[in-house]
Number of protein chains: 2
Amino acid sequence: METLNAAELLAALGHESRLSIFRLLVEAGPDGVIASVIGEQLGLPSTTLSFHLAHLSRVGLIRGQKEGRFIRYSAEYPTMDELIAFLTRNCCHGKACLPKTATCDTTAKRRELATGAAATEKLITNPAE
Amino acid sequence: METLNAAELLAALGHESRLSIFRLLVEAGPDGVIASVIGEQLGLPSTTLSFHLAHLSRVGLIRGQKEGRFIRYSAEYPTMDELIAFLTRNCCHGKACLPKTATCDTTAKRRELATGAAATEKLITNPAE
DNA sequence: TCCATATTTCAATTATTATTGAAATATGGA
DNA sequence: TCCATATTTCAATAATAATTGAAATATGGA
C-alpha cells in the first residue's frame, strides 16, 4: 500500500461517525449488519448514514451486499490488515522487527474462526538491517 | 482509547503530508529527526511543515524536543500502539482472537531493541464469548 | 553585538467535507 | 396493484481544514 491510499483510508476512519460504523462492523464479524440496524445502533439519520457508508465503501474499508430491500454491510478485513501493516512497516529501521504479517495480520485468526482450527503463530525475527 | 480520541488520531494521519511525516519518524526510530531535515526529505515549505508538525504533536502522535535552534521530532510509539489496538479490539465478537497486545503492540519489540533481549511472543487464545 | 538560520505565528484565501430535509428509487408483502 | 419501508440522490448550507507569504521569535556563532 502506498502513502496516498493509506491516507485516504485513515481520513475515512478519521471521523467519529465513520469510525463508529467501522468499529461496529469489525466487532460484528464477517456476517455484517443491515444498514438500518447500524443507523439505529448509532443514532444516525438515514441520509448521514448513507453518506458515510458510501464513503467507507468507496475507499474499500467496508462492503455492502444487497439482500432484498436491505443492504448488509461488513468490514473488509484485508484492507484493515494492509493499513495496519503500512503504519508499522519497517518500524525503527526494521531492526529486530516482528514481521508485519505476524504483528498485525488478522487473516489467520479469521481463517481459524472459519475452519475451527487451533490458532498458531510464529515469531520471525528480522535479521536484516 | 475511546472512539472520539481515536478518530482524532486517524484524522491526523489521514492527510498525505502528515502521514508521510509520521511514517518517516516511525521508520527513523526513537532518535527522531530534526524538523528541517523532515522538510527537506519531504519537500514541504517550512510554514506547511510547522502546521502539520503542530497538528501531529497536539494529538500526541509525535513529540518535539528542542536542541538549540533545532527541534528533534520523534514518533510516539505508545500512541500508535493504542490506536492499532483500538482498531482491532474485540474483532469478530472477540472469538478466538489474538489479544491486541500480541497482535499489534510494538512496545515489546522496542524494549528488545533497547535491552538486546531475544524477542518472545505468546499466543493467548481468548476463551470468552 | 550582529547575522544567519530554524521555527512559529499571523492573516487571508482557497479548498474540502459534513449535515440534513425533501424527493427519488427499489423492493417485498398485502 | 398499492403500500410501507430501506436506501440513495439531490441541493443548499454550514463547518472545518489546508496553503502560503510575510513577519515575528529564538538561538548559536562570528
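Note on naming: letters A, B, ... go to the chains in the order of the sequence lines (proteins, then strands), and numbering restarts at 1 for each one.
- Using a 4.5 Å heavy-atom cutoff, the side chains of A/Leu56 and A/Leu13 are in contact.
- When the C1' atom of C/dT17 is taken as reference, atom CG of A/Leu19 falls 17 Å away, rounded to whole Å.
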**Request:** Give the dot-bracket string for DNA chain D, reading 5' to 3', where a pair is Watson-Crick or G-U wobble with both distances under 3.5 Å, ( ) marks pairs inside the strand, [ ] marks pairs crossing earlier ones, | marks a partner on another strand, and . marks unpaired.
**Result:** ||||||||||||||||||||||||||||||
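- In this entry the distance linking CD of B/Glu8 with P of D/dT16 reads 14 Å, nearest Å.
- Rounding to whole angstrom units, CG of residue A/Leu53 and C1' of D/dA6 are separated by 12 Å.
- Heavy-atom distances under 4.0 Å link DNA chain C to no residue of residues 34-44 of chain A.
- Every residue meeting the side-chain contact (heavy atoms from CB on, under 4.5 Å) condition with A/Glu82, not counting sequence neighbours, appears here in chain and number order: A/Met1.
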Could you pull out all donor-acceptor pairs under 3.5 Å where a side-chain atom in residues 42-51 of chain B meets a protein atom, sequence neighbours excluded?
none

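- A salt bridge (charged side-chain N to carboxylate O under 4.0 Å, His left out) check over residues 47-63 of chain A, counting only residues at least two apart or in different chains, returns the pairs A/Arg63-A/Glu76.
- Residues A/Glu8 and A/Leu4 form no side-chain contact, since every pair of their non-hydrogen atoms from C-beta on lies 4.5 Å or further apart.
- Of all heavy-atom pairs spanning B/Gly60 and B/Thr79, the tightest one is O-OG1, 2.8 Å.
- With rounding to whole Å, A/Tyr73 atom OH is found 11 Å from D/dA6 atom C1'.
- Scanning both residues, A/Gly32 and A/Ser74, for their nearest heavy atoms gives CA-CB, 3.8 Å.
- Once rounded to the nearest 0.5 Å, the distance linking CG of A/Leu9 with CD1 of A/Ile84 reads 11.0 Å.
- Nearest heavy-atom pair, A/Cys91 versus B/Tyr77, reported as atom, atom and distance to 0.1 Å: SG-CE2, 3.8 Å.
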If you look only at distance, which donor and acceptor atoms sit under 3.5 Å apart when one is on a side chain in residues 20-28 of chain A and the other is two or more places apart or in another chain?
from    : atom 1 : to      : atom 2 : distance (Å)
A/Ser20 : OG     : A/Glu16 : O      : 2.8
A/Arg23 : NE     : B/Phe86 : O      : 3.4
A/Arg23 : NH1    : B/Phe86 : O      : 3.2
A/Arg23 : NH1    : B/Leu87 : O      : 2.8
A/Arg23 : NH1    : B/Arg89 : O      : 3.0
A/Arg23 : NH2    : A/Glu27 : OE2    : 2.7
A/Arg23 : NH2    : B/Arg89 : O      : 2.6

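- Remark: A/Gln65 CD is loosely packed, at most 12 non-hydrogen atoms of other residues, nucleotides or ligands lying under 6.0 Å away.
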Report all interatomic pairs (protein N or O, nucleotide N or O of nucleotides 27-30 of chain C) with separations under 3.5 Å.
from   : atom 1 : to      : atom 2 : distance (Å)
C/dT27 : OP1    : A/Lys66 : NZ     : 3.1

**Request:** Please report the C-alpha distance between A/Ile38 and A/Leu53 in whole Å, then the side-chain angles of each, then the deciding distance to 0.1 Å, and finally whether the side-chain contact (heavy atoms from CB on, under 4.5 Å) criterion is met.
**Result:** CA-CA 10 Å; A/Ile38 300 174; A/Leu53 287 173; 4.3 Å; yes
Check: protein-nucleotides 18-22 of chain C nitrogen or oxygen pairs below 3.5 Å:
from   : atom 1 : to      : atom 2 : distance (Å)
C/dA18 : OP1    : A/Arg18 : NH1    : 3.0
C/dA18 : OP1    : A/Arg18 : NH2    : 2.6
C/dA18 : OP2    : A/Arg18 : NH1    : 3.4
C/dA18 : O3'    : A/His15 : NE2    : 3.4
C/dT19 : OP2    : A/His52 : NE2    : 2.6
C/dT20 : OP2    : A/Thr48 : OG1    : 3.4
C/dA22 : N6     : A/Thr47 : OG1    : 3.4

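- For B/His15, the ring-ring contact (aromatic ring centres under 6.0 Å, His included) criterion is met by B/His52, not counting sequence neighbours.
- Here B/Glu67 pairs with B/Ile34, B/Arg72 under the side-chain contact (heavy atoms from CB on, under 4.5 Å) rule; sequence neighbours left out.
- A/Leu61 and A/Ala12 make their closest contact through CD1-CB, 4.1 Å (heavy atoms, listed as atom of the first residue, atom of the second, distance).
- Straight-line distance from the CD atom of A/Gln65 to the C1' atom of D/dT7: 16 Å, rounded to whole Å.
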Tabulated below should be each protein N or O lying under 3.5 Å from an N or O of nucleotides 1-3 of chain C; please produce it.
none

